[in-house]
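The block underneath contains the structure these notes are about, expressed in C-alpha cells.
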Amino acid sequence: MENTFHAEILTPDGKVFEGEVIGAQVPGSDGSFEMKFNHAPITSMLEIGQVRLQTSDGTPLYFAVSGGFVEMSDNRMSVLSEACEKAEEIDVERAERAKERAVEELMKRKEKPKELQLALKRAENRLEVYKRNGA
Amino acid sequence: MANLRDIRNRISSINNTKQITKAMKMVAAAKLRKAQMRMRDNRPYAAKIREVASRLVSGSGTSSPLLRKPDEIGNVLFLVVGSDRGLCGAFNNNLFKVIEQRIREEYASYKKSGNLDLICIGKKAEAYFKKRNYSVKESYPGFFDNLDYMEAVQIMGHVIQDFVEENYDEVHLAYNEFKSVISQRRIVEKILPIEPESLASVDQKEKLSGSIDYIYEPGADEILRKLLPRYLNVRLWSALLESNASEQGARMAAMDNATENAKELEEELRLKYNQARQSAITTEISEIVSGAQALKDA
C-alpha cells in the first residue's frame, strides 16, 4: 500500500474535490510537476492547465484548472483556483461558445488585450482536458 | 354603526395582503437557504487564500503595490453593498446610515472637496446615495439577480487598477454581515491598502506553519503579486454573499412581521363585523316584535 496524503481543490463556488490521493500532478508556473507523499512544503503558482490526481485505489481523476495556486505542507495539499471543473463535468458547449467569442474579438481588435487572450486560453484548456480525459 | 359591507371588504383585502406577505416570506426562506449554502461553499477557499497571503506578507518582507501606504490621503472610495429589492425592513437604511455617519465623522472634508467617490452595488444603494448628492462613480443595479463570482472579480479589478494608479489612496467596503436569520451586523472596513495586521489571524496553527521553510515557485514576491488581488476578490465575494444572505433573512423577518400584523388586524375586524352583524339582527328582531305587538293590540 502506497502512502497517501490529503488533497483538496477549493474554489469560491465550493470544494471540487476532497480526499486521499497517492499523487498529484499540477501545472506549476515553472512547468508541470508531481507531488507525492512527504513532499517538501511548497507554494506554487499554477498556470491554466490540467490537474491529475491519483486516488488511493489507483484511478486517475482529471480537472481543468484556470490558474491559481497550490500549497502543500505536512502531507496536506490544497489547490486554490477561481475556476476548476472535473473533466467529465466540463460544459463543452459553454467552452466552445467562449472560445468562439474570444477568437472573434481578437480578430476584430488590433491590440490584443491580455484578458481576451487568457479567456481564449481558458476555453481551449477546458476543451482540451475534456477531449483527452472527460469524454 | 359601521357598515357591514365595508368591514367585509376590508377583511378580504387584508386577507389578500396576508397571503402575499406569507408567500414572500416562503420565497425569502428558500432563497436564504441557497444563499447560506453558497456562503458555506466559499468559506474554505477564502480561509486558505487568507492564510497563504498572511504567511507571505508577514514572512519575507515582501512588497506589493497593494500594500502601499500613502503619506497623504488624496482620494477615498467607498464600495457599498446594498440590495436590489425592497420590502426587507430597515436592511438598507440601517447600513446607509452607518456609512453616512462614518463619512460625516472622518471624511467630511473629502466629501466637500469632491475627493470621495462611491461604487454602489444593488439598486437601493444607488438610489439612496444619488438622491443625497454623493458622487456615485459606478453602480451595478441588478447585480444580485445573477450573483456570479466573475462579476465580482471585474468590479474588484477596476478598483485595484484605480488604487495601483493612485486614483484612490484608500478603499472601504461596507456591507451587512450575516449573523443570524434575524440579525445583521453592519460592517464598514478598510480593504485597501491591505494592512498586514488585518491578515494575521489568532489561529495558533497558522503561526506554526509560518515558521516552516516553504519552497516558493516562482518566487515569494511574484506569488504575492498574483495572490493579493485574488485575496481582495474573495473578500468582496464574501461580502456579497454575506449581504445576500442577510437580505433574505431580513426580508423573511419583515414579511413574517407583516403577516402577523395582518392576522391581528383581521381578527379585530372580524370581531367588529360580528358585533355589527349581531346588533343589526337585534334591531331587526325588536322591529318585528314591536310590529307584531302593534298588530295584536289593534
Side-chain angles (χ1 to χ4, degrees), chain A residues 6-19 26-35 38-49 65-85 91 94 98 101-102 113-116 118-119 122-123, chain B residues 37-56 59-60 62 147-154 156-158 161 205-206 208-238 240-241:
Chain A
H6 184 85
E8 54 185 4
I9 300 181
L10 305 174
T11 75
D13 291 319
K15 272 186 188 155
V16 182
F17 175 85
E18 181 173 25
V26 297
S29 56
D30 293 352
S32 179
F33 63 96
E34 174 136 11
M35 287 173 287
N38 269 345
H39 193 287
I42 183 168
T43 305
S44 171
M45 255 157 68
L46 298 181
E47 293 289 314
I48 296 168
V65 58
S66 305
F69 303 88
V70 66
E71 192 194 51
M72 169 130 183
S73 77
D74 213 8
N75 283 317
R76 297 183 71 83
M77 184 202 78
S78 317
V79 171
L80 298 167
S81 174
E82 296 194 321
C84 178
E85 300 99 23
D91 189 339
R94 200 182 133 195
R101 215 168 36 231
K114 220 174 109 199
E115 283 155 47
L116 269 178
L118 281 176
R122 280 198 297 266
Chain B
M37 247 154 63
R38 293 186 82 173
M39 239 162 62
R40 200 195 53 210
D41 285 346
N42 175 47
R43 243 174 231 148
Y45 176 80
K48 196 80 196 170
I49 285 265
R50 188 197 180 97
E51 186 194 316
V52 178
S54 142
R55 201 183 57 235
L56 278 163
S60 45
T62 41
L147 195 50
D148 183 38
Y149 181 74
M150 284 304 153
E151 303 270 334
V153 171
Q154 262 179 22
M156 205 63 218
H158 294 304
Q161 199 183 346
K205 235 169 70 191
E206 279 180 33
L208 269 177
S209 70
S211 58
I212 304 172
D213 265 334
Y214 274 81
I215 305 169
Y216 291 110
E217 247 174 72
D221 263 337
E222 186 76 9
I223 292 180
L224 196 66
R225 236 190 48 220
K226 286 271 158 107
L227 185 74
L228 286 182
R230 280 167 204 249
Y231 165 69
L232 289 171
N233 287 346
V234 80
R235 205 144 167 210
L236 175 62
W237 181 239
S238 304
L240 288 166
L241 292 180

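So that the names make sense, note that chain A is the first sequence line, chain B the second, and so on, each numbered from 1. Note that these values count all heavy atoms, side chains included, but never hydrogens, waters or copies made by symmetry.
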Sort Thr43(A) into side chain, backbone, both or neither according to what part of it lies under 4.5 angstrom from a heavy atom of chain B.
both

To the nearest 0.5 angstrom, please state how far the [atom1] atom of [X] sits from the [atom2] atom of [Y].
| X | Y | atom1 | atom2 | answer |
| --- | --- | --- | --- | --- |
| Glu71(A) | Ile223(B) | CD | CD1 | 9.5 Å |
| Asp41(B) | Leu10(A) | CG | CG | 11.0 Å |
| Lys15(A) | Arg40(B) | NZ | CZ | 10.0 Å |
| Phe69(A) | Lys48(B) | CZ | NZ | 13.0 Å |
| Leu46(A) | Glu217(B) | CG | CD | 10.0 Å |
| Ser44(A) | Glu222(B) | OG | CD | 11.0 Å |

Specify the closest pair of heavy atoms between [X] and [Y], including all atoms of both residues, with the distance to one decimal.
| X | Y | answer |
| --- | --- | --- |
| Met72(A) | Tyr214(B) | O-CE2, 3.9 Å |
| Gly68(A) | Arg230(B) | CA-NH1, 3.7 Å |
| Pro12(A) | Tyr45(B) | CG-CE2, 3.6 Å |

Go through the atoms of Met37(B) and report whether side chain, backbone, both or neither lie under 4.5 Å from a heavy atom of chain A.
neither

Heavy-atom distance under 4.5 Å to chain A: side chain of Leu241(B), backbone, both or neither?
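Neither part.
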
